[in-house]
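Counting from 1, the numbers follow the sequence of the chain as shown.
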Amino acid sequence: MTRRRGRSKAAPPALKAVWRGNIDDHPIGLAWSPDGKTLAVAGVSGPITLFDGAAGAVKHTLPGHALDTMAISWHKDSRLLASVGQDGKVRLWDAHAGAQIAEMPGGTSWVERVAFSPAGDWLVSAAGRKLRLWDSSGQLIREYADANSTITDIKWRHDGAQFAISAYNGLVLYDPLEAEALRRFEWQGSTLTLEWSPDGKYIATGDQDSTVHFWITATGKDLQMWGYETKVLELAWSFNSRYLATGGGTQVVVWDCSGKGPANTRPLMLEGHQHLVKHLKAQRRGMLLASGGNDGMLAIWKINKKKPTLLADAVFIAPIAGLAWSPDDRCLAVADEIGTLSIAAVRR
């Protein structure tokens, strides 16, 4: 990682390297444990490396999935780590011992999505159209009716009381205590990704047709924003639910969702990337937004209504493959596509 030229030498650096590592693979998943003590990095070829969050030493290397790991998710206790992959399995790992403790069938040959509830012991997995709910010991609670098409994303509401899935015909909401779907938000198009606003008021989706939807959860009504360069796979809400940052091009587009919402408003446009923005991450309790692009550029933005500020930027050798803020918002983990891992402290 190098800082871009042209920045003032008198100003204190906004990014300070804490430690660096490498997994010699293309990172497919990057996630801090909730206590911030461990950083899990999954490589596309299978292994999952567990790094000491403070010093960068490798704690354990888990074998992961023989036919590629697809996704990882931490339990709230910071001990259990779930993973899924192209071997058709859902696996649970004891991150402290570095050992597998459970292996469950995902339902098809590829299991693509997995998500622990942020508040409870529930784990949801998705494999094709198959949706399964597990407890934290790996026992199957229920298998839901098949989705209408391949499930593209799973996200829990921030209080853990509901989760939503996306697929071709829109969104389906579930209560983990109920066997049937809670609500359906239908749209005749291909939804690729979703994010709940922290206050639960909205669910934003990125779509195949280069649009973004804002679903109002209380009413089921939706707003649609268009004009993006390409399909939208990047979404990040600010902690206060006011701003939604979106990719879908070389600029970061930020919508103000306060008041009556983003309808008929002009978004903030954050310029700096030379190629497509591929990753966006907002702080959990602050107003900093990290963006990473195919140009290898990392940018840290301070978001506000009057004048968003580019606080820091840096360039990596390869395109950015993942971003993750530490739970205390003090550090940002950045991985590029050749497996270089950099953890930087961010001056606020």
Side-chain angles (χ1 to χ4, degrees), residues 71 73 76 106-108 111-135 140-209 211-226 231-244 246 255 257-263:
S73 180
K76 63 178 182 178
T108 68
V111 192
E112 298 176 310
R113 302 287 177 180
V114 68
F116 263 120
S117 166
D121 285 331
W122 295 299
L123 177 72
V124 185
S125 65
R129 296 166 59 191
K130 301 291 184 183
L131 182 66
R132 293 181 174 178
L133 181 70
W134 316 85
D135 67 19
L140 182 65
I141 298 175
R142 69 176 58 89
E143 179 173 349
Y144 296 94
D146 284 2
N148 292 333
S149 61
T150 298
I151 298 168
T152 57
D153 202 1
I154 303 171
K155 293 287 168 55
W156 287 88
R157 201 170 72 184
H158 287 238
D159 61 4
Q162 295 179 22
F163 66 91
I165 66 168
S166 58
Y168 176 76
N169 287 318
L171 302 176
V172 185
L173 275 59
Y174 294 87
D175 182 328
L177 298 175
E178 302 293 335
E180 302 296 327
L182 192 65
R183 303 183 67 182
R184 296 179 184 272
F185 296 161
E186 295 186 353
W187 175 66
Q188 293 302 311
S190 184
T191 300
L192 304 176
T193 188
L194 72 98
E195 289 289 345
W196 291 82
S197 62
D199 62 8
K201 180 180 178 180
Y202 288 112
I203 299 178
T205 67
D207 307 317
Q208 180 70 39
D209 65 353
T211 64
V212 170
H213 266 79
F214 291 82
W215 295 93
I216 302 171
T217 57
T219 64
K221 293 182 178 180
D222 71 308
L223 310 172
Q224 189 176 27
M225 306 303 181
W226 56 88
K231 60 186 178 182
V232 181
L233 290 167
E234 309 80 25
L235 303 170
W237 285 96
S238 63
F239 80 99
N240 59 3
S241 301
R242 176 165 184 173
Y243 297 105
L244 175 74
T246 63
W255 298 96
C257 301
S258 61
K260 296 181 179 180

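In plain terms, the two heavy atoms of Val172 and Ala181 that are nearest each other are CG1-CB, 3.5 Å. The two atoms that bring Gly206 and Leu235 nearest to each other are N-CD1, 3.6 Å, heavy atoms only. For the residue pair Gln224 and Thr211, the shortest heavy atom distance occurs at NE2-OG1, 3.3 Å. Looking at every heavy atom in both residues, Arg132 comes nearest to Gly106 through NH1-C, 3.7 Å. Nearest heavy atoms, Ser117 versus Gly120: OG-N, 3.1 Å. Across every non-hydrogen atom of Gln162 and Pro176, the tightest pair is CA-CD, 4.3 Å.
Here Thr191 contributes atom OG1 and Trp215 contributes atom CH2; the two are 7.5 Å apart, rounded to the nearest 0.5 Å. Note that CD1 of Ile203 is 12.5 Å distant from CZ of Phe214, once rounded to the nearest 0.5 Å. Remark: Ile151 CD1 to Lys130 NZ distance equals 10.0 Å, nearest 0.5 Å. Here the CD1-OG1 distance, from Ile154 to Thr193, works out to 11.5 Å after rounding to the nearest 0.5 Å. Atom OG1 of Thr246 and atom CE of Met225 lie 10.0 Å apart (nearest 0.5 Å). Separation of atoms CG (Leu194) and CG (Asp153) is listed at 4.5 Å; rounding is to 0.5 Å.
In this structure, Thr217 and Tyr202 have side chains that are not in contact, with every pair of non-hydrogen atoms separated by 4.5 Å or more. Using a 4.5 Å cut-off on side-chain heavy atoms (C-beta onward), Leu131 and Tyr174 make contact.
Listed by first then second residue, pairs satisfying salt bridge (Lys or Arg N to Asp or Glu O under 4.0 Å) with a partner in residues 173-186 number zero, not counting sequence neighbours.
A perpendicular orientation is assigned to the rings of Tyr144 and Phe163, their planes being inclined by more than 60° (bins at 30° and 60°).
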Worked verdict on Trp134 versus Ile141 for side-chain contact (heavy atoms from CB on, under 4.5 Å): CA-CA 5 Å; Trp134 316 85; Ile141 298 175; 5.7 Å; no
Candidate pair Glu112 and Thr150, rule side-chain contact (heavy atoms from CB on, under 4.5 Å), full reasoning: CA-CA 10 Å; Glu112 298 176 310; Thr150 298; 4.0 Å; yes
Pair Leu177-Trp122, side-chain contact (heavy atoms from CB on, under 4.5 Å): steps then yes or no: CA-CA 10 Å; Leu177 298 175; Trp122 295 299; 3.6 Å; yes
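Not counting sequence neighbours, the partners of Trp187 by the ring pair (Phe, Tyr, Trp, His ring centres under 6.0 Å) test are His213. Not counting sequence neighbours, the partners of Ser238 by the side-chain contact (heavy atoms from CB on, under 4.5 Å) test are Asn240, Arg242, Tyr243, Met287.
Between Arg157 and Asp159, at least one side-chain nitrogen of the basic residue sits less than 4.0 Å from a carboxylate oxygen of the acidic one, meeting the salt-bridge criterion. Ion pairing between Lys231 and Asp209 fails under the 4.0 Å rule for side-chain N and carboxylate O.
Judged purely by atom type and a 3.5 angstrom limit, Ser197 has no side-chain atom pairing as donor or acceptor with the backbone of Ser241. Ser73 places a side-chain N or O within donor-acceptor distance of the main-chain N or O of Phe116, the cut-off being under 3.5 Å. Under a 3.5 Å cut-off, the side chain of Trp237 and the backbone N or O of Pro198 do not form any donor-acceptor pair. Checked by atom type and distance alone, the side chain of Ser166 never pairs as donor or acceptor with a backbone atom of Leu171 at under 3.5 Å.
When each of Val124, Leu140, Leu123 is paired with Leu133, the side-chain contact (heavy atoms from CB on, under 4.5 Å) condition holds for Val124 and for no other.
Around NZ of Lys76, the count of heavy atoms belonging to other residues, nucleotides or ligands within 6.0 Å exceeds 12.
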